[in-house]
Structures are given as C-alpha cells and as structure tokens.
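Each remark here refers to the structure printed beneath this line.
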Amino acid sequence: MPLGLRTRGRRSAPIVVPMMGAQFGLLYSAAVSGAVVPYCWDVWEPQWDLWVRRLRPLRPPVVFTTASQSARFLARALPASRVIHLPEATEVARHDPQRPLVARTIGVLELGRRYQMWHDIVRAAVPEDAPRCHVYERPGRRLVFPDESALRRGLSNTVVSACFPSSMTHPQRAGSVQTLTHRYLESMASGCLLVGHAPPELVRLMGFNPVVEVDWRAPAEQILDILHAPHRWQPHVDRALERLREVGDWSMRVRAIRAALDVDGA
C-alpha cells in the first residue's frame, strides 16, 4: 500500500509507493493527487527502458530502488530525479536464531527458485532420509512451508540456506543485475549458514562476505563437510547476525527514506 502524510484530506508530502516489479498502474493512481516517490523492487535489466519511459513523465523528486546496478542506470536516465540505492531489509526481531547449527535437523534448504546445477549435485549427495536432510520444493506439490509462521520455524531449524542471485537462477529475467534479496537477510536473521553466491552489494552492505561461496571443484564434498561438523561455522553465522542487526533491519531503511525526503524538502 502507498505510504504518505496527509493533512485535512490534502497531501503534505510526496507519497512513497512500494512497487514489487513494474506495477505502474499503482504508481499512476497514487500520482493523481500529487507527487510520488517510487520504491522499486525487481528492476531487472531487460526492463530498464520500460522503467525509464514510465517514470520520466512523473518527474518524481526521489526514486528508491533495491538494486545498485539499476540505481546507477536510472540515475543517468532520469536527471530530473534523485535516484537512491536502498537495499532490501528485513524485520530482524521476527526471526529466531537461537538454535545452534549443531542442533538443527534441516541440513540444506532451498526455497523457491533454485540454481539447478547446484541443486542436482546436492540432491544426489544428501539423501532425503539423512539425519540432516535436504528440503526443497517439488514441482506440482505444496510449498515446503504453508505459511509465514511455518517458514520462520523452518529457517530456525536449518543449517544451510541456499542463496543465489536471480542473475544466476533466471538470467533471462534479471539480465546482469546481481542484487540482494530478502532470502539472504531472513536466512541470516534466522541463524542459518548461507551457501551460494553473494551479490557485490551484499558484501558492501555487510563489510564482509556472509555467504560461503560454492566450491565448484567439489560442491558435494563442501556441503557434506559442512553438515558433518556445522559447529565449526557457528562463529561465522553469529558474526553475520550481529552485523545484520546493525545494517539490515527495516528501521534503518525507514530512517534513510525520511532523511532523503527531508533533504529534498518533502
């Protein structure tokens, strides 16, 4: 839903319009009564020109986007707007990281889209009946976790959360855009060990790489080694969680939005 301040039925500031993808109907509806500030997710490279064509007529004072590469492109293409990279965030306190890795029973969790080559290797290496099993969504079946509460419980019981950017799993959709998604953040907030590939913007945000990069020389052996002795990775997980609390909570993004709008006289 659009967010903004109103006074006696009239808008006193631009309205922030969250857009999960190219929802331009939502944006234009909000613009009927005044200035808008789009906050844009899923600004993928193949649609960059479309975003420019639809945003330019509105001349928004500020444009927020979660992908740093897309922010750089839009900044050049929309000189009348101030374009700001505002990374994805999570509500850290909603997740439960308390259970140590060694006490968790889901060995490898793949949620939603997956990197098929890595998935096939891990599926062959980690049996479904292993003490720390491999959990993933099967085509035509119910979701692994039926609701958000079950998802949070599942993450809090997971050792390895597979995290790959959309540029690797769905390059035809994302193009070259490597961006941080909520999966990385909710996994860290739940005390999981991330295995996959880190977008550069995640490394910049955290100040280090919280993801264990896949060893493509021996990916199966890498996973089996982690699951055999997950306690060795507990310090890495704890460091990521501590840093996430400093830079990845939604409260920080709200402050950044307010500061940007104040600077622009909103």
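Small disclaimer: the values here were computed from a predicted structure and weren't measured.
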**OP:** Determine yes or no for a side-chain-to-main-chain donor-acceptor pair under 3.5 angstrom, with Thr65 supplying the side chain and Cys40 the backbone.
**Re:** yes
Original post:
Is Arg94 paired with Glu148 through a side-chain N to carboxylate O contact shorter than 4.0 Å?
Top reply: yes
Original post:
Are Glu88 and Trp41 linked by a side-chain donor-acceptor pair shorter than 3.5 Å?
Top reply: yes
Subject >> Inter-residue atom distance Leu227.CG - Cys133.SG, 0.5 Å rounding >> reply: 10.0 Å
**OP:** Hey, could you give me each pair passing side-chain hydrogen bond (donor to acceptor under 3.5 Å, both in side chains) that has a residue in residues 190-216? Not counting sequence neighbours.
**Re:** Ser68-Glu201, Ser68-Arg204, Gln178-His197, Thr179-Glu201, His197-Glu213, Asn209-Glu213, Asp215-Arg217
**OP:** For Thr169 and Arg113, test the side chains for any donor-to-acceptor distance below 3.5 angstrom and give the result as yes or no.
**Re:** yes
**OP:** May I ask you to check whether Tyr136 and His134 place their ring centers less than 6.0 Å from one another?
**Re:** yes
Original post:
So does Arg183 pair up with Glu186, basic N to acidic O under 4.0 Å?
Top reply: yes
**OP:** Would you check if the distance from the ring center of Phe73 to the ring center of Trp51 is below 6.0 Å?
**Re:** no
Original post:
Do Trp250 and Thr90 have side-chain atoms, one donor and one acceptor, less than 3.5 Å apart?
Top reply: no
Original post:
Do Thr66 and Leu180 come close enough that some side-chain heavy atom pair is under 4.5 Å?
Top reply: no
Original post:
Just by modelled atom types, is the Met20 backbone N or O under 3.5 Å from a matching donor or acceptor in the Gln23 side chain?
Top reply: yes
**OP:** Please say whether the positively charged group of Arg239, taken as NZ for Lys or CZ for Arg, lies over the ring of Phe208, i.e. under 6.0 angstrom from the six-membered ring centre and within 45 degrees of the axis.
**Re:** yes
Subject >> Residues which pass side-chain contact (heavy atoms from CB on, under 4.5 Å) with Gln234, listed by chain and number, not counting sequence neighbours >> reply: Pro100, Leu101, Val237, Asp238
Subject >> Backbone of Thr158 reached by a side-chain donor or acceptor of Arg104 within 3.5 Å >> reply: yes
Subject >> Residue pair Ser251 / Asp249, side-chain donor-acceptor N/O under 3.5 Å >> reply: yes
**OP:** Would you sort out whether Glu246 and Arg243 count as a salt bridge (charged side-chain N to carboxylate O under 4.0 Å, His left out), showing the intermediate values?
**Re:** CA-CA 5 Å; Glu246 297 172 347; Arg243 181 60 175 160; 2.9 Å; yes
Subject >> Salt bridge flag under 4.0 Å for residues Arg173 and Asp42 >> reply: no
